[in-house]
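Here is the naming used below: chain letters follow the sequence lines, and residue numbers restart at 1 for every chain. What you see is a predicted model, and the numbers here were worked out from it, not measured in a lab.
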Amino acid sequence: MTEENKEKPSHFIRDIIAADIAAGKHGGKVITRFPPEPNGYLHIGHAKSICLNYGMSKEFNGTFHLRFDDTNPTKEEVEYMESIKCDVKWLGADWKQNEFYASDYFEQMYEYAKDLIKADKAFVCDMTAEALRESRGTPTEPMKPSPNRNRSVEENLDLFERMRNGEFADGEKTLRAKIDLASPNMHMRDPAIYRIRREHHYRTGDKWCIYPMYDFAHPIEDAMEKITHSICTLEFEVHRPLYDWFIENLNIFPSRQYEFARLNLSYTVMSKRKLLTLVENKDVDGWDDPRMPTVSGMRRRGYTPEAIRNFCEIIGVTKFNSLTDVALLEHSVRDHLNKTSPRVMGVFNPVKVIIENYPEGNEESLDAVNNPEDESAGTRKVPFSRELYIEADDFMEEPPKKFFRLAPGQEVRLRWAYLITCTGVEKNADGSIKQIRCTYDPATRGGNTPDGRKVKGTIHWVSARHAVACEAHLYDRLFTVERPDADPAGRDFREFLNPSSLTKATVLVEPYVLEVAKPGYRCQFERIGYFCVDTRNSKPGKPVFNRTVALKDSWAKIAAK
RNA sequence: UGUCCGGUAGUGUAAUGGCAGCACUGCAGAUUCUGACUCUGCCUGUAGGGGUUCAAAUCCCUUCCGGACAACCA
């Protein structure tokens, strides 16, 4: 193990592969795969699997395959397939020319099934799904054998061919492997491996009316692609003996299956069924709604692939069913965005500020640093004039101690502009603040203090005359609630798509934003949060922002004390 | 209740028989042209019991707890 690896979190898969290479298995070759079923959009949990599989292939100079495990025509669609390709690519897992489809192997699988029949290791069964279920027994009682278990090889061959030819109705017959009726592992009790299903397949159309089951198909798919390490999630652990049984009895490439714990994230629902419900009920605006924990939703939110990859690295890979704090994800996102996001000034809840001693009609252009953490990001020009907007929260008429921002008599820095001091407040009839009056110090141009005096507060602002209004979607970090089924209040998980987080707001931004904001453009509005120009909803020249991660509002905490 | 898998600070994870460490969170402080970031400090842990050993988070036994599995889904 290298020094570098010692620094990394647990990764028993990495250790296994390293050991296999050291032992000369498969001639030191490593081939991994990510095998999604195209029946939904990828979510953050899939991202973990992608990072793992792709990461291992990369680390050990191996090959990575993207394979669509499309053996069930009922739920699969082209739209899903396309979205998966897009998301995997976006995450940076390059499968090069290695794009495969289980449906391309149907003919071969059919042949393998016949081999099994010829070896008297599979038989055609006439039982209904319900009868099968009843006959299966319990973990302590063995399964009752199928009345058709001892059909002759010839009859089975004939029947299986007729299944393929469409001579039987859906569900009328299945092909079952003949394994072990008394096995404590229910999956070994003569499992079904082919079923009849007249359903249009998104790729093979109506060519087939019989489809292989996962347990039969997967080892064959892996073997045909010479996958050395077939990495999947823990729930398939119980299936491994079956996987091995097919590998052995079909005498095919000895792929091996390894299992790791799937990702559970606090406040996040990752059940495909539930996500689909949200989409179908229009509780969200599609799979890529920024509140969704999908890869595409996160992309719209402004998360970066780098951040997601880093997250996957730091959470490690174990066999322990854990519940990862979503703060870990957000930390990764902030961490990357802090280094890379250009900064832009914006105001959500504007309140007008008049600079009394600034000449009316005058305006000037000030230099602002785009990213203090990245010099190469350069600077931009920000227009300044006598009338400005600042964030309402940045002003308090009667400030408590330790309020560093604008208040009567108090001086603050307008970022990249001037130091201003509040001289008074004008109010509306209802007592609300109409506008704030200030004076500026012309010697502090650019926000500098030639005399060296300190100001605690630096606030953001936009020139009233120049500001551009953009639409923004505000989203809380909340997707859904942790353990939604077990919510003590019995609330439905959909309720946790906080409707208040749906609000559209107008954000006033520097005119500069219009020059640079193309869909996907990310920036940070100081102290408010990170924003991403919506990759779906924005039109050229009129960016729509999605808020990403709210910055911690320390002031709220101070105020709460 | 059967089989399998698992259990290290609040959370995620290191330590493969040899000083229980790291990160996130939380709290406190410093710094700051973002009350962000950054930096410093603090808090908290080997599920219980027994055994082997000079030495156990690690090996063995046992109890407890958690998860997966009994679709013609994947």
Presence of [X] side-chain N/O under 4.0 Å of [N] phosphate oxygens OP1/OP2:
X: A:Thr458; N: B:U32; result: no
X: A:Arg413; N: B:U32; result: no
X: A:Arg67; N: B:A74; result: no
X: A:Thr71; N: B:A74; result: yes
X: A:Thr318; N: B:U13; result: yes
X: A:Arg195; N: B:A74; result: yes
X: A:Arg198; N: B:C72; result: no

*If you find the nucleotide of RNA chain B closest to A:Pro184 and the one closest to A:Asn448, which residue's nucleotide is nearer the 5' end?*
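Checking each residue's closest nucleotide, the 5'-ward one belongs to A:Pro184.
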_Position toward the 5' end of RNA chain B (nearest nucleotide), A:Arg240 or A:Gly457_ =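 Comparing both residues, the 5'-ward one is A:Arg240.
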For [N], what is the paired nucleotide under Watson-Crick or G-U wobble rules, both distances under 3.5 Å?
N: B:G21; value: B:U13
N: B:U52; value: none
N: B:C42; value: B:G26
N: B:U8; value: none
N: B:A57; value: none
N: B:A68; value: B:U3

How many whole angstroms separate atom [atom1] of [X] from atom [atom2] of [N]?
X: A:Lys319; N: B:G66; atom1: NZ; atom2: P; value: 21 Å
X: A:Arg334; N: B:U38; atom1: CZ; atom2: P; value: 9 Å
X: A:Leu52; N: B:G12; atom1: CG; atom2: P; value: 18 Å
X: A:Trp208; N: B:C72; atom1: CH2; atom2: P; value: 21 Å
X: A:Glu235; N: B:C69; atom1: CD; atom2: C1'; value: 10 Å

*Classify the glycosidic conformation of B:A71 as syn or anti, calling it syn when the angle lies within 90° of 0.*
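With its glycosidic angle within 90° of zero, B:A71 counts as syn.
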*asked:* Can you tell me how the ring of A:Phe348 sits relative to the ring of A:Phe531, calling it parallel under 30°, perpendicular over 60° and tilted otherwise?
replied: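 Answer is tilted, since the angle falls between 30° and 60°.
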*Which class fits the ring pair A:Phe160 and A:Tyr110: parallel under 30°, tilted 30 to 60°, perpendicular over 60°?*
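The rings of A:Phe160 and A:Tyr110 lie parallel, inter-plane angle below 30°.
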With rounding to whole Å, what would you report as the distance between [N] and [M] at their [atom1] atoms?
N: B:C22; M: B:U46; atom1: C1'; answer: 16 Å
N: B:G67; M: B:A47; atom1: C1'; answer: 16 Å
N: B:C59; M: B:G7; atom1: P; answer: 10 Å
N: B:C37; M: B:C24; atom1: C1'; answer: 16 Å
N: B:G12; M: B:G26; atom1: C1'; answer: 15 Å
N: B:G48; M: B:U8; atom1: P; answer: 11 Å
N: B:G66; M: B:G29; atom1: C1'; answer: 40 Å
N: B:G6; M: B:U13; atom1: C1'; answer: 15 Å

*Can you tell which of B:A74, B:U16, B:U25 lies closest to the side chain of A:Ala327?*
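Closest nucleotide among those given: B:U25.
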_Candidate nucleotides B:U32, B:G12, B:G2, ranked by approach to the side chain of A:Pro139 - the nearest_ =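 Of B:U32, B:G12, B:G2, B:G2 is nearest to the side chain of A:Pro139.
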*Cation-aromatic face contact A:Arg197/A:Tyr211, 6.0 Å, 45 degrees*: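 Because its charged atom misses either the 6.0 Å distance or the 45° angle limit, A:Arg197 does not stack over A:Tyr211.
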*For A:Trp461, is the NZ or CZ atom of A:Arg415 found under 6.0 angstrom from the centre of its six-membered ring and inside 45 degrees of the ring axis?*
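No cation-pi geometry.
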*asked:* Regarding A:Lys319 and A:Glu237, does a basic nitrogen lie under 4.0 Å from an acidic carboxylate oxygen?
replied: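 A salt bridge is present here (some side-chain N lies under 4.0 Å from a carboxylate O).
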*With ring centroids as reference points, do A:Trp416 and A:Phe384 lie under 6.0 angstrom apart?*
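Ring centres of A:Phe384 and A:Trp416 not closer than 6.0 Å.
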*Does A:Phe236 have its ring centroid less than 6.0 Å away from the ring centroid of A:Tyr214?*
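That pair passes the under 6.0 Å test.
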